[in-house]
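Lettering follows sequence order; numbering is per chain, from 1. Quick caveat, the model's predicted, so the values are computed rather than measured.
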There are 2 protein chains.
Amino acid sequence: MDRHRKPTLDTVASAVGVSRATVSNAYNRPDQLSAALRERILETAASLGYAGPDPVARSLATRHSATVGVMLDRPLSSDPAVSIVLDGLASTVDGHDHGLVLMPGGVDGGPRPETVARAQADVVVAYSLPDHAPALDVVRARGLPLVVIDQPVLPDTARVEVDDVGGARLAATHLRDLGHTRFGVLAFGLHRDGATGPVPTDRLPDAAFRVTRDRLTGYLDVIGEAPVWECAGSRRDLGRAGARELLSRTPRPTALLCASDELAFGALQAARDLGLRVPTDVSVVGFDDVPEAGHAEPPLTTVRQPLAEKGRRAGELALRLLTGARPGEPARLPVSLVDRHSAGVLT
Amino acid sequence: MDRHRKPTLDTVASAVGVSRATVSNAYNRPDQLSAALRERILETAASLGYAGPDPVARSLATRHSATVGVMLDRPLSSDPAVSIVLDGLASTVDGHDHGLVLMPGGVDGGPRPETVARAQADVVVAYSLPDHAPALDVVRARGLPLVVIDQPVLPDTARVEVDDVGGARLAATHLRDLGHTRFGVLAFGLHRDGATGPVPTDRLPDAAFRVTRDRLTGYLDVIGEAPVWECAGSRRDLGRAGARELLSRTPRPTALLCASDELAFGALQAARDLGLRVPTDVSVVGFDDVPEAGHAEPPLTTVRQPLAEKGRRAGELALRLLTGARPGEPARLPVSLVDRHSAGVLT
DNA sequence: TGGATGTTCTGAAGCGCTTCAGTCACACTC
DNA sequence: GAGTGTGACTGAAGCGCTTCAGAACATCCA
C-alpha cells in the first residue's frame, strides 16, 4: 500500500468492496445502510488510517463550511472584555458543530481585507468595528451573512448590543445621587483620527462610533455639561493620562465617568499618582464589569453588561442566519449598576 | 442574469470570453496573461459581483487550506496569558496569509475530538494541553503536523517552551536572598484529577504536567522542603483559597511562590483578607508577568516569560512544518525576574 | 528565412466528497 | 400470484477551483 498518500473515501470503498456513496453514508447517514456493513466499513477505515471525510472536500460538496468567522477591531490581548465575548461565541458555535475562524484587527480597526476574502466561513460576526472598516465591504462583496456586535449600525443587518445610553445614565445618576456636581468623563475615540485629548464641544454631536456616542449621551443627559477627555483606545495607560489631566483642573472634578473598566483602572491609578483617595477624594465609575473590576483597589463600581451572553447571542444569531432567517430586530441586552467601592458620597 | 446563484469562475470566464484557466490565472498568476486582459477580467468580475475564487474550492484544488488550527486547554477568558500568546500566533500566521481556527478547551482539558476532526487546517498548534488529551489523538489520526506550546512533551514533535525550571529558581533564589526561610508554594494541578489542596509528598515526583513539574522542581531545588498547595486551575479564586490556607499555618510562611500571576493575585487578596501586609508581613512572587502584574496592589514581583514571542515562535514553527521541515529541537525562550514590590526583605 | 525562443491562452484532468435518482432483492398483503 | 412496499446499496453528476501539458502565434537572431 502506498503509505505516502493519505487514504480517501475510495481507498476505503474499494478495500471493503462497496461504493463510495456507501462509505460516505456510513459516516453521515448511518440509517442508510445496515449496521453490520457500517461496522465493517468503520473498522476497515480505522485499520487503513482513514480519519473520516476530508473537511474541505465535504465543504465543497455540501456548499457550506460549518464555520463562523469573527472579525475583531483590535488585537485580542488588549481588553479582557473581548476574550469573554469571544468565549461565549466560540462555545455556542462549537456546541452546534461549527468551527470558529478568528480574524483579529490590525491597526486600522479591523482585519485586513485579504484575510476576510480568504476566510472559509459561512457567516461572519463583526465585533465592534469602525463604521467604514474595509473588512465589512469584503463581507458584503462575498455575500456572506453578517451579524454585528455593538457597532456599526448597518441597515438590514443582525445585531446584538446593550443599552449603552441607559447604562451610562445609570452610572451618572448614581454619582449624582451621591451628591456629586463636578464631573469629568473619560470617553472612547469620537472619530477615526486616533485623537486623544480634551474634546471641544463641536466634536461631540457627530461622533462616528455608536458606542462612544451613546455612552457619552447617557452621561451628559444626566450631568449636563462636563469636561470630556477622549481616549483613542480602551487602554489603561490612556485612561491614566486622561484622568491625570482631568484631575489636575481647578476646580477638580469629584467624580470620573469612564467609558470602560480598563479606562477606569487607569483613572484609579491616576488618582493614586496624585495622592488622591478613592472614593474619599474622587469617585470613579467604569463600564463593562470585567472580572478584574471586583479585584481592583478599591473594587470598582461599574456598569455591568453581560459579556458572555453577548457572544452567545451573536453565535445564535449567526447560526440562525445560516438557516435563511431574516436579520430581524437587534437583540438588546440589559445592563445594571454594580455598586462596589470606588464611588462614594461627596463629603 | 440569475441573481440568486453566486457567480463563479465560469460565469466570469464566459462573460469575458476566455477560459476558466485564464480567469484563475488573473487572480493567482498575473504573469501568465497580458496586463490588459487581466484588467478586463477583473473589471468584468467586479461588475458581475464576483468576489474572487472561492476559498473552499481553492483549498480542495490546492490541497491546503492555508489555515492553522489552535487548540486550547481551557476557555479563552480564564487567563490573560492565553490571549497574549494567541495574539502573537494570530498575527504571525495572518502575516503569512494564513487563517486561524480557534478550538477552545472544554472541561476535560482540550477541545472536543469532533471539533478537531472537522477543523479545516493544515497544521495545528496545541497550547498547554494535558498529556493525554483526546484532541491530540485526532490530530495524529488525521496526520496533521503539530506544534505544541509548553506541553505535553511528545517525541518527534515541534515545541516551544520556556525555561520553567530556571524561572522558578530565579523566583526562589530572589526570595532566599531576601532572607526568607519559611516558604509556601501555590502550584498548578499535578494530575488530571482536578484535585485542590495540600500536596502529600508522594504525589510530587510523578506529576503529569511538565510545566507544573518543572516549576515545582525549580522552587524546591532552591528552598528545600516546603508546604505545597495544589490548585486545579490557574484561577485567582483558587489561589486565594490556597494562600489563605498556607498563611494560616503555624509557623506562618513569610514568602509565597506562585506558579502563575493569576494565582499570585489570589494570594495578594488572601493576605489582605488576613490583614497581612505585602511585602512587610509576607512576600509573594508570581510567574508569567501578565500586564496586570504591574498594576496590582502592590505591583507584583514575578518571573517574566515572553508570552507574545511564544505565540509568534509557535506560528513560525507551524508555517515551517508546512513546508515539509522536520520538527527539530524544541525552541526554548528565556525568562527573567521582574522585581517589583510584592517581595521584600524579611524584617 | 528558418529554427529557436517567448508569450499568451486553452483543454482536460483532477482535488475528495455528497446526493439523488434509481436498481435490485426480498418481504408483505389481499 | 400480481401488486405494493421497503430496506440496502450504487452510478454518476457535480461542488468551484488549480494546474500542466500543449497549441497558436509572434519575435528574434544568425
Side-chain angles (χ1 to χ4, degrees), chain A residues 2 4-41 44-45 48-67 117-122 142-144, chain B residues 2 4-42 44-45 48-66 117-122 142-144:
Chain A
D2 189 352
H4 290 278
R5 193 160 203 75
K6 279 192 195 176
T8 72
L9 255 198
D10 283 303
T11 322
V12 178
S14 47
V16 180
V18 296
S19 74
R20 239 156 62 208
T22 301
V23 179
S24 174
N25 283 334
Y27 284 95
N28 303 314
R29 311 175 156 197
D31 57 309
Q32 294 295 300
L33 34 48
S34 64
L37 179 54
R38 173 155 193 266
E39 193 57 29
R40 196 148 60 86
I41 290 176
T44 312
L48 252 37
Y50 179 70
D54 179 89
V56 173
R58 180 212 284 269
S59 294
L60 181 58
T62 59
R63 266 168 323 288
H64 43 256
S65 58
T67 296
R118 225 187 27 234
Q120 308 186 169
D122 301 327
R142 288 186 55 182
L144 294 175
Chain B
D2 188 352
H4 290 278
R5 194 160 201 76
K6 280 193 192 174
T8 71
L9 255 200
D10 282 304
T11 322
V12 178
S14 47
V16 180
V18 296
S19 74
R20 243 158 57 209
T22 301
V23 179
S24 173
N25 282 334
Y27 285 96
N28 302 315
R29 311 174 154 197
D31 58 308
Q32 294 296 298
L33 37 47
S34 66
L37 178 55
R38 172 155 193 269
E39 194 57 28
R40 197 148 59 86
I41 290 176
L42 263 24
T44 312
L48 252 36
Y50 178 70
D54 179 89
V56 173
R58 180 212 283 269
S59 293
L60 181 57
T62 59
R63 267 174 313 296
H64 45 256
S65 58
R118 225 187 27 236
Q120 307 186 170
D122 300 327
R142 287 187 56 182
L144 293 175

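Among the heavy atoms of the strands lying under 4.0 Å from L33(A) are primed sugar atoms or P, OP1, OP2 only; no base atom is included. When heavy atoms are screened at a 4.0 angstrom cut-off, R29(B) is found touching the sugar-phosphate backbone but no base atom. Residue contacts for Y27(B): at a heavy-atom cut-off of 4.0 Å it reaches no nucleic acid atom on any strand shown. Within 4.0 Å of V56(A), counting heavy atoms only, lies no atom of the nucleic acid at all. Note on S24(B): a base of the nucleic acid sits closer than 4.0 angstrom, heavy atoms only.
Distance R58(B) CZ to dT18(D) P: 5 Å, rounded to the nearest Å. Remark: P of dG16(C) and CZ of R142(B) are 14 Å apart, rounded to the nearest angstrom. Distance CD (E39(A)) to C1' (dA8(D)): 17 Å, rounded to an integer number of Å. Distance L60(B) CG to dT18(C) P: 12 Å, rounded to the nearest Å. For the pair L9(A) CG and dA12(D) P, the computed distance is 17 Å after rounding to whole Å. N28(B) places its CG atom 13 Å from the P atom of dC20(D), with the value rounded to the nearest Å. Atom CG of L37(A) and atom C1' of dG7(D) are 13 Å apart (whole Å). Residue I41(B) contributes atom CD1, which lies 8 Å from atom P of dC9(C) at whole-angstrom precision.
Within the model, atoms CD of Q32(A) and CZ of R38(A) stand 12.0 Å from one another, a figure rounded to the nearest 0.5 Å. Taking CG from L33(B) and CD from E39(B), the interatomic distance works out to 11.0 Å, rounded to the nearest 0.5 Å.
The side chain of T22(B) lies closest to dT10(C) when the candidates are dT10(C), dC15(D), dA8(D). Nearest to the side-chain atoms of A21(B) among the listed nucleotides dG11(C), dC9(C), dT18(D) stands dG11(C). Closest approach to the A61(B) side chain among dT19(D), dT18(D), dT18(C) is made by dT18(D) (side chain taken as heavy atoms from C-beta onward). Distance from the side chain of S19(A) is smallest to dG11(D) among dC15(C), dG11(D), dG16(C). Listed nucleotides dG16(D), dT10(D), dT19(D) differ in distance to N25(A); the shortest reach to its side chain belongs to dT10(D). Nearest to the side-chain atoms of R63(A) among the listed nucleotides dA12(C), dC15(D), dT19(C) stands dC15(D).
Nearest-nucleotide mapping onto DNA chain C: of Y50(A) and Q32(B), the residue sitting toward the 5' end is Q32(B).
In this structure a side-chain-to-backbone donor-acceptor pair under 3.5 Å is missing from K6(A) to G49(A). The main-chain N or O of A117(B) is found under 3.5 Å from a side-chain atom of R142(B) such that the two form a donor-acceptor pair. Side chain of R63(B) to backbone of A61(B): a donor-acceptor contact under 3.5 angstrom is found.
Between T62(A) and dT19(C) there is no side-chain polar atom (N or O) within less than 4.0 angstrom of OP1 or OP2. Using a 4.0 Å cut-off, some side-chain N or O of S34(B) falls inside it from OP1 or OP2 of dC9(C).
Looking at every heavy atom in both residues, Y50(B) comes nearest to T8(B) through CE1-C, 3.6 Å.
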